[in-house]
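Just the heavy atoms: all of them, side chains too, but no hydrogens, waters or symmetry mates, feed the values below. Chain A is the first sequence line, chain B the second, and so forth, proteins listed ahead of strands; every chain is numbered from 1. Just so we're clear, the structure is a prediction, and the values are computed from it rather than from any experiment.
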Number of protein chains: 2
Amino acid sequence: MDFHVRFDISDKLYLRNPEGSELGKQIVQKAIILIFDIGFEQFTFKKLASESNCTEASIYRYFENKHRLLLYILSWYWNYMEFLVNFKIMNLNDSKEKLKVVIQLLTQDLSVEFGNIEYNTHYLNQIVIAESGKGYMIKDVSELNSNEVFKPYKDLCATIASIISVYNPNYEFPHSLSTTLIEASHQQQFFSKNLPRLTDVNTVKKSDFIKLFLEDMLFKILG
Amino acid sequence: MDFHVRFDISDKLYLRNPEGSELGKQIVQKAIILIFDIGFEQFTFKKLASESNCTEASIYRYFENKHRLLLYILSWYWNYMEFLVNFKIMNLNDSKEKLKVVIQLLTQDLSVEFGNIEYNTHYLNQIVIAESGKGYMIKDVSELNSNEVFKPYKDLCATIASIISVYNPNYEFPHSLSTTLIEASHQQQFFSKNLPRLTDVNTVKKSDFIKLFLEDMLFKILG
DNA sequence: TTAGAATAGTTAGTATTACTATCATGAAAA
DNA sequence: TTTTCATGATAGTAATACTAACTATTCTAA
């Protein structure tokens with residue numbers, strides 16, 4: 001099976017659709033690499049232009065500023081994540097199995113995924129872990145209609161929440177639990193790599209630690 | 001009872017101790033107000049100087065850059081939070097009660113707290129919720145010795161983890177659960193205010209929602 | 001085939017930001 | 001009284017984020 005996936009990212013996030021040209025795709029691809037390498041604060045359109053063999057002004061044709069570009073990348077990631085969730089739980093009947101699949105996806109490195117993706121999913125993963133806050137926690141998100149910006153994240157949250165509600169219809173906080181699950185998976189990835197004392201990574205087998213922690217958490221909460 | 005609290009913030013975070021002069025205190029106070037008002041990206045030393053009735057260069061005497069100043073403020077917050085936890089669990093014997101106090105502190109607005117604090121704790125609270133990531137998730141935190149920067153956060157985490165371990169000595173992930181608790185309390189505050197659909201805030205009494213969610217979570221996990 | 005539209009690139013700017021080097025002052029120490 | 005030193009003021013630079021105006025290429029539809 002060989003297929004491509006493409007997502008409709010809100011057109012509020014770009015001036016010209018980067019999917020629509022070679023240069024556009026190049027810009028997003030290189031942006032992901034560059035942000036991964038040097039971090040979002042050091043990342044500038046000037047540096048990106050030099051990596052993409054074009055000029056600063058060309059990038060400004062596609063994105064209003066580097067903030068919007070980050071939001072574009074984050075949106076893409078959450079779309080892809082929801083696609084993976086829906087794909088992998090297909091034909092599963094047991095909602096406990098479905099939840100395990102969700103945790104598996106949230107905690108694993110995405111580099112071994114599919115869909116003939118143009119972007120480096122491992123880098124994407126790391127960017128979402130390290131830079132999400134800088135994209136979402138800004139004053140002018142509200143100007144930008146936060147519904148547009150957060151839609152993919154909201155959709156993923158709703159998907160997971162609905163699985164939770166099937167598994168345990170009496171549980172009162174399916175949405176809050178979904179976001180906690182998503183965010184905790186990222187935090188624990190960041191902490192276990194950079195500040196392991198903030199986790200319990202040493203007590204168990206390292207690679208599975210986060211998965212074990214989250215599964216234990218989730219199924220104790222849901223009974 | 002009337003007392004002052006003061007914390008030793010890592011001297012890696014400042015060039016000259018702002019606690020040591022009137023201007024220094026003024027700078028930190030005004031910085032908190034300004035970051036709360038306009039957000040960390042819009043915040044500049046120039047604007048801060050004009051608020052503090054001094055010049056940019058004076059501020060640079062105290063803080064190397066606005067990043068370090070944010071880290072200073074965050075450090076101060078976590079120190080204060082740990083102080084409050086230790087203060088409020090004193091003389092409590094039941095570790096379940098202690099955990100309830102912790103959740104209470106993490107979810108309430110700090111504006112009604114004590115210790116004759118010079119800083120606006122409500123603003124501080126909001127800054128930690130909205131701007132933490134921008135302070136901690138930076139490439140050069142490692143250069144700066146992350147142990148120094150994260151010490152107050154680590155200490156708080158360790159304090160909570162030890163209460164958890166007393167409550168249930170068999171639980172395997174006390175530290176990860178602590179950080180998840182801390183971070184979730186902030187996320188849920190942010191989401192319930194800005195993106196309520198990502199939470200279940202409508203289903204229950206609004207003011208207590210986060211407390212209920214976290215208590216339910218914590219005690220189901222710990223049994 | 002060719003005119004016009006769309007796309008991409010060039011050049012040259014400006015305002016703001018982040019940061020530095022140097023100088024001035026006033027009060028305490030020698 | 002002189003020296004020292006903490007503190008602040010002045011003025012500047014380099015980089016960043018962005019804009020404007022113009023040129024070159026390519027693609028497409030009459």
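When DNA chain C is scanned in the 5' to 3' direction for atoms under 4.0 Å from non-hydrogen atoms of chain B, the outermost contacting nucleotides are C:dT17 to C:dT22.
Seen from the ring of B:Phe40, B:Lys66 counts as a face-on cation partner, given the 6.0 Å and 45° thresholds.
The aromatic ring centroids of B:Phe173 and A:Phe213 lie less than 6.0 Å from each other. You'll find the ring centres of B:Tyr72 and B:Trp76 outside the 6.0 Å limit.
Residues B:Tyr60 and B:Asn65 bring no donor and acceptor atom of their side chains to less than 3.5 Å of each other. At a cut-off of 3.5 Å, with distance as the only test, a side-chain donor of B:Gln188 or A:Ser176 sits close to an acceptor on the other residue. Side-chain N/O atoms of A:Glu82 and A:Thr159 include a donor and acceptor closer than 3.5 Å.
A salt bridge links A:Glu118 with A:Lys25: the distance from a Lys NZ or Arg NE/NH1/NH2 to an Asp or Glu carboxylate oxygen falls below 4.0 Å.
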Where do N or O atoms of nucleotides 5-16 of chain D meet protein N or O atoms at under 3.5 Å, pair by pair?
unit_1 : atom_1 : unit_2  : atom_2 : d
D:dT7  : OP2    : B:Arg16 : NE     : 3.2
D:dT7  : OP2    : B:Arg16 : NH1    : 3.4
D:dG8  : N7     : B:Arg61 : NH1    : 2.0
D:dG8  : O6     : B:Arg61 : NH1    : 3.4
D:dG8  : O6     : B:Arg61 : NH2    : 2.6
D:dA9  : OP2    : B:Thr55 : N      : 3.4
D:dA9  : OP2    : B:Thr55 : OG1    : 3.4
D:dA9  : OP2    : B:Ser58 : OG     : 3.3

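Atom-to-atom, CG of A:Leu69 to P of D:dC18 comes out at 12 Å; the value is rounded to the nearest Å.
Applying the side-chain hydrogen bond (donor to acceptor under 3.5 Å, both in side chains) definition to pairs two or more places apart or across chains, those involving residues 33-46 of chain B are B:Glu41-B:Lys134.
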